[in-house]
Amino acid sequence: MNPFSSGTRLRDMIRAIRACKTAAEERAVVRKECAAIRAAVSENDQDYRHRNLAKLMFIHMLGYPTHFGQMECLKLIASSGFPEKRIGYLGLMLLLDERQEVLMLVTNSVKQDLNHSNQYIVGLALCALGNICSAEMARDLAPEVERLLQNRDPNIRKKAALCSIRIIKKVPDLAENFMSPAAALLKEKHHGVLITGVQLCTDLCKVSDEALGYFRKKCTEGLVKVLKDVVNSPYAPEYDIAGITDPFLHIRLLRLLRVLGQGNADASDCMNDILAQVATKTETSKNAGNAILYECVETIMSIEDNSGLRVLAINILGRFLSNRDNNIRYVALNMLMKAIQVDAQAVQRHRATILECVKDSDASIRKRALELIFLLVNESNVKPLTKELIDYLEVSDQEFKGDLTAKICSIVEKFSPEKIWYIDQMLKVLSEAGNFVKNEVWHALIVVISNASDLHGYTVRSLYKAFQTSGDQESLVRVAVWCIGEYGEMLVNNIGMLDKEDPITVTESDAVDVLEVAMKRHASEIDTRAMSLVALLKLSSRFPSCSERIKDIIVQHKGSLVLELQQRSIEFNSIVAKHQNIRSALVERMPVLDETTYSVRRPGSLPTTVPTSTGASRNLPNGVAKTADTPLPNLLDFDSEDVPIASSSGGDFLKDLLDVGVSPITSLAGTSQSPTSGTDLLLDILSMGTPPLPNNLSTPDMLSTSEDNRPSVTSLERLPSLSSPLSPQVSSPLGAAPVMDLLDSLSPTVSMTNNNSFTDMNFSGDNGPVYPSIVAFQSSSLKIMFSFSKKPGNPQTTLITATFTNMSSNVYTNLLFQAAVPKFVQLHLDPATSNTLPASGNGSITQTLSVTNSQQGQKPLAMRIRVGYKVNNQDALEQGQVSNFPPGL
């Protein structure tokens with residue numbers, strides 16, 4: 001016989017395909033077979049139609065197109081013989097799906113077969129309908145399927161129930177037609193019919209609230225009785241699996257009870273006893289019993305509150321955690337994470353077992369157990385749990401250290417009872433897994449250390465000892481470098497000893513050794529080396545005996561290929577070599593960082609840093625001093641979630657810090673500059689460093705010019721570990737005063753105390769409140785006062801009169817005042833009364849500004865200002881920010 005004729009058997013074609021050695025040979029065989037089948041289809045070959053369709057189904061399973069054989073399926077279904085119908089329905093389910101339009105042609109044949117006298121043909125039609133039924137077919141054939149749910153043959157009823165599930169999923173509106181027949185199936189004795197009936201009821205409850213109420217009222221007690229009978233039934237060989245009678249029926253019944261009991265106290269009370277019986281009597285030596293117990297636990301946790309049952313369920317999960325099967329332990333951990341929301345105290349009793357799972361060899365179990373431990377931590381158990389986790393951190397796998405470190409840091413920060421415990425635990429984490437610690441974690445640690453003034457000595461000594469043993473952990477090195485730079489003298493002199501400490505002997509040279517090692521480590525990152533340079537600069541003032549050695553270390557990086565290190569090295573070398581008289585003031589200890597500013601927004605996330613000062617009042621950038629009990633001004637509502645934190649990049653500073661759009665800037669003459677020409681100017685006004693001057697103004701060298709012709713102090717203002725980001729930015733005229741005069745000009749001149757607050761606001765006339773005048777800017781030579789008034793009927797617009805006073809002995813000429821505001825504020829400047837400012841306060845200049853705050857009452861008014869002028873034919877520039885506007889502007 002021709003191997004590619006329509007009469008060949010399926011097994012011959014399979015042998016021919018298996019004999020192929022390459023994919024090309026296989027495709028050739030398939031093409032020849034398909035050609036032979038097409039020829040037989042065109043000739044309407046009746047004898048071998050079923051054989052050809054069997055071949056097509058195999059070819060379809062190999063992934064080749066077989067759409068040309070779809071009509072053959074319909075012809076076989078329409079034939080009268082059972083063998084032909086069987087192949088036809090099999091081909092229908094395999095070659096077609098509900099999206100095929102040709103499926104509409106088979107609806108009538110299926111309807112006839114559903115009413116056929118042969119139960120096997122009815123079964124074929126039900127199977128096909130349950131697999132590929134479309135919404136249109138469901139509506140047309142639902143009455144026949146509903147009728148077959150009451151057929152006397154159990155196999156027909158079982159298949160009709162499965163087909164009904166497909167129909168109600170496709171057309172939920174038909175659910176009410178199947179409620180009564182489905183309830184009748186729950187009284188069946190045949191387990192196959194009972195399982196399909198329970199599943200049909202479950203799906204009906206999910207698609208219809210009416211069905212859910214119906215089954216709660218009519219069937220809850222019956223289902224409880226059925227489950228009780230199954231639990232207490234004697235041994236039945238046809239249903240027994242691992243000593244349990246029909247665990248599949250157990251699970252289906254428990255799932256339906258869970259749906260009925262959820263949110264309904266009466267139904268939950270009805271099933272409490274049987275659930276307790278299942279939980280206590282089920283054999284757990286085999287997986288069948290464990291599956292039933294898991295479903296029982298999930299049902300108990302889903303129905304209405306019963307504390308005794310829930311404790312029993314959680315104890316079952318605790319037993320699961322001791323099982324040797326990883327799958328059982330994993331599902332138990334998952335369920336415990338849900339249970340902790342309901343009864344955390346019961347889960348706490350299994351804390352030791354859960355902690356052991358953190359040390360499991362299976363990675364998925366370790367991660368899930370770690371997440372569960374994180375949820376279990378509270379103020380009462382944070383210390384023992386943290387100790388266990390840190391002990392395990394020492395021996396954990398490298399791939400797990402990252403997750404474990406992150407969780408430990410979150411736990412320590414969220415539940416820390418005291419600062420010394422927090423510092424101790426964080427130092428242990430940094431010593432064991434410092435390379436896995438994120439930047440915000442060690443940033444926050446520095447904030448805590450800064451605020452713990454009584455622990456400064458203890459902390460720097462602990463870090464010094466930790467560095468000796470764990471100097472390869474990057475985050476530990478950074479914190480140690482910062483602390484030694486700030487509190488190095490406390491390390492050398494054993495200042496601030498605690499009772500539990502033993503004195504250690506550390507010389508000034510030993511402290512410098514730590515920084516030198518951090519600089520020369522091949523694995524050190526650029527940030528670490530930059531921090532080390534800053535720390536060395538600070539120690540050069542505090543350790544005079546090591547000043548020359550520190551200078552040599554700093555000079556070594558003058559030729560560094562990294563521009564940041566090269567620039568710092570040149571600038572710091574200039575400070576050490578030429579400016580010893582002001583070095584101590586430049587490198588004074590960092591002010592205490594404000595913990596409220598570094599507030600944590602969510603568990604595990606650490607704050608962004610903005611340092612503040614305490615003690616004596618300190619000058620703010622606009623020249624207004626701040627007392628210890630007055631918070632730093634929040635320029636543009638940094639506490640609000642919608643305002644981004646300022647970035648350190650110059651290009652984004654305008655957008656990030658002040659959120660200012662590209663709006664025109666008005667100047668003294670009252671003319672507006674276009675966005676194109678004004679963008680750089682506005683960036684200059686808002687930049688943190690010393691900006692370039694427009695109109696050929698030259699920037700004075702405030703200390704001295706370094707070897708690469710860069711002003712030394714500019715980069716110092718950018719160093720977070722050396723100076724506050726809110727340090728004053730005022731430049732004096734070239735040669736107008738010596739360096740010390742410049743630093744003296746930064747002394748407090750005007751204080752804003754509680755007595756000067758703006759709470760006492762008077763109201764007069766129809767113009768609304770009268771706002772007090774403020775000192776907007778003050779330096780050693782220039783003072784700017786702002787007075788305020790409101791336009792009647794327009795509370796958002798404020799008229800500001802700026803008064804300029806020259807307190808020096810030189811006349812200022814070509815005075816130019818510029819201002820920048822956030823994008824939600826509109827600014828208009830009128831021309832000034834003059835551009836020449838008399839000396840010694842003998843006269844003043846005024847200029848009117850009009851500002852409109854579109855978010856009045858939501859965001860405070862803020863402004864950056866810059867004043868340029870000439871004195872003795874030399875250009876000068878002063879700038880600052882005004883953030884002490886009266887409330888309500």
Notebook entry, point to check: Do the ring planes of Tyr120 and Phe82 sit parallel (below 30°), tilted (30 to 60°) or perpendicular (above 60°)?
Noted result: perpendicular
Item checked: Residue pair Asn315 / Arg349, side-chain donor-acceptor N/O under 3.5 Å -> no
Next item on the list: State the CE-CD1 distance between Met13 and Ile37, to the nearest 0.5 angstrom.
Entry: 6.5 Å
Next item on the list: Kindly indicate whether the side chain of Asn287, heavy atoms from C-beta on, has any atom under 4.5 Å from the side chain of Asn290.
Entry: yes
Note to self: Run the side-chain contact (heavy atoms from CB on, under 4.5 Å) test on Gln199 and Ile165 for me, step by step, so that the C-alpha distance in whole Å, both residues' side-chain angles and the decisive distance to 0.1 Å come before the verdict.
What the structure shows: CA-CA 8 Å; Gln199 186 61 44; Ile165 294 173; 3.7 Å; yes
Next item on the list: State whether Asp397 and Arg366 are salt-bridged, where the test is any N-O pair (Lys NZ or Arg NE/NH1/NH2 against Asp/Glu carboxylate O) under 4.0 Å.
Entry: yes
Check: Does any non-hydrogen side-chain atom of Leu256 lie less than 4.5 Å from one of Phe215?
Finding: no
Note to self: Do the side chains of Asp229 and Lys225 get close enough for a salt bridge, i.e. N-O under 4.0 angstrom?
What the structure shows: yes
Check: Looking only at atom types and distance, does a side-chain atom of Arg157 sit under 3.5 Å from a main-chain N or O of Arg152, one as donor and one as acceptor?
Finding: yes
Check: Any chance NZ of Lys367 has more than 12 other-residue heavy atoms, nucleotides or ligands included, within less than 6.0 Å?
Finding: no
Notebook entry, point to check: Do NZ/NE/NH1/NH2 and the carboxylate oxygens of Arg368 and Glu371 come within less than 4.0 Å?
Noted result: yes
Next item on the list: To the nearest 0.5 angstrom, please state how far the CG atom of Leu317 sits from the CG atom of Leu312.
Entry: 10.0 Å
Item checked: Euclidean distance, Glu144 CD relative to Gln112 CD, rounded to 0.5 Å -> 11.0 Å
Check: Does any donor atom in the side chain of Ser208 or Glu210 lie under 3.5 Å from an acceptor atom in the other side chain?
Finding: no
Check: Is there side-chain contact between Cys73 and Leu95, with at least one heavy-atom pair below 4.5 Å?
Finding: yes
Notebook entry, point to check: Between Leu90 and Leu53, does a side-chain contact (heavy atoms from CB on, under 4.5 Å) hold up when you go through it step by step?
Noted result: CA-CA 9 Å; Leu90 183 58; Leu53 188 57; over 6 Å; no
Check: Is the number of heavy atoms from other residues, nucleotides or ligands within 6.0 Å of NZ (Lys401) greater than 12?
Finding: yes
Check: Tell me, do Val259 and Arg255 make a side-chain contact under 4.5 Å, heavy atoms counted?
Finding: no
Notebook entry, point to check: According to the side chain to side chain donor-acceptor pair (under 3.5 Å) rule, which pairs have a member within residues 170-186, sequence neighbours left out?
Noted result: Glu98-Lys170
Margin query: Which residue is it: Asn151, Asn155, Asp153? I am looking for the one with a side chain to side chain contact (heavy atoms under 4.5 Å, CB included) to Gln119.
Written below: Asp153
Note to self: Once rounded to the nearest 0.5 Å, what's the spacing between atom OG of Ser268 and atom CD of Glu304?
What the structure shows: 5.0 Å
Let me have the donor-acceptor pairs involving side chains of residues 121-139, under 3.5 Å, with sequence neighbours excluded, atom names and distances please.
from: Asn131; atom 1: ND2; to: Cys127; atom 2: O; distance (Å): 2.7
from: Ser134; atom 1: OG; to: Met137; atom 2: N; distance (Å): 3.4

Note to self: Out of the candidates Asp343, Ile340, Val297, Ile300, only one should pair with Ile314 under the side chain to side chain contact (heavy atoms under 4.5 Å, CB included) rule; please name it.
What the structure shows: Asp343
Check: Between atom CG of Leu76 and atom OH of Tyr89, what is the distance when rounded to the nearest 0.5 Å?
Finding: 11.5 Å
Next item on the list: Evaluate the side-chain proximity of Leu275 to Leu254: yes if any heavy-atom separation is below 4.5 Å, no if none is.
Entry: yes
Next item on the list: Decide if atom NZ of Lys169 counts as having more than 12 heavy atoms of other residues, nucleotides or ligands within a radius under 6.0 Å.
Entry: no
Notebook entry, point to check: Hey, mind stepping through Leu62 and Ile17 against side-chain contact (heavy atoms from CB on, under 4.5 Å) and telling me if it holds?
Noted result: CA-CA 10 Å; Leu62 292 177; Ile17 291 176; 3.9 Å; yes
Next item on the list: Kindly indicate whether the side chain of Arg31, heavy atoms from C-beta on, has any atom under 4.5 Å from the side chain of Tyr64.
Entry: no
Next item on the list: Please check if atom CD in Gln345 has more than 12 non-hydrogen atoms from other residues, nucleotides or ligands closer than 6.0 Å.
Entry: no
Check: Is any side-chain heavy atom of Leu336 less than 4.5 Å from a side-chain heavy atom of Leu321?
Finding: yes
Note to self: When you compare the side chains of Asp273 and Gln277, does any donor N or O come within less than 3.5 Å of an acceptor on the partner?
What the structure shows: no
Notebook entry, point to check: So, Tyr330 versus Asp362: side-chain donor-acceptor pair below 3.5 Å or not?
Noted result: no
Check: Between CZ of Arg329 and CD of Glu356, what distance do you get to the nearest 0.5 Å?
Finding: 10.5 Å
Next item on the list: Could you pull out the closest heavy-atom pair between Pro181 and Leu149, with the gap in Å?
Entry: CB-CD1, 3.7 Å
Note to self: What verdict does the side-chain contact (heavy atoms from CB on, under 4.5 Å) test give for Leu200 and Ile168, after you've listed the backbone C-alpha separation in whole Å, the side-chain angles of each residue and the deciding distance to 0.1 Å?
What the structure shows: CA-CA 9 Å; Leu200 175 58; Ile168 63 172; 4.1 Å; yes
Margin query: Using a 6.0 Å cut-off, check whether atom CG of Asn232 has over 12 heavy atoms from anything other than its own residue.
Written below: yes
Check: Would you say His250's side chain and Thr245's backbone share a donor-acceptor pair under 3.5 angstrom?
Finding: yes
Notebook entry, point to check: Hey, does Ile195 have a side-chain heavy atom less than 4.5 Å from the side chain of Asp246?
Noted result: yes
Checklist line | Side-chain donor or acceptor of Lys85 paired with backbone N/O of Ser79 under 3.5 Å | finding: yes
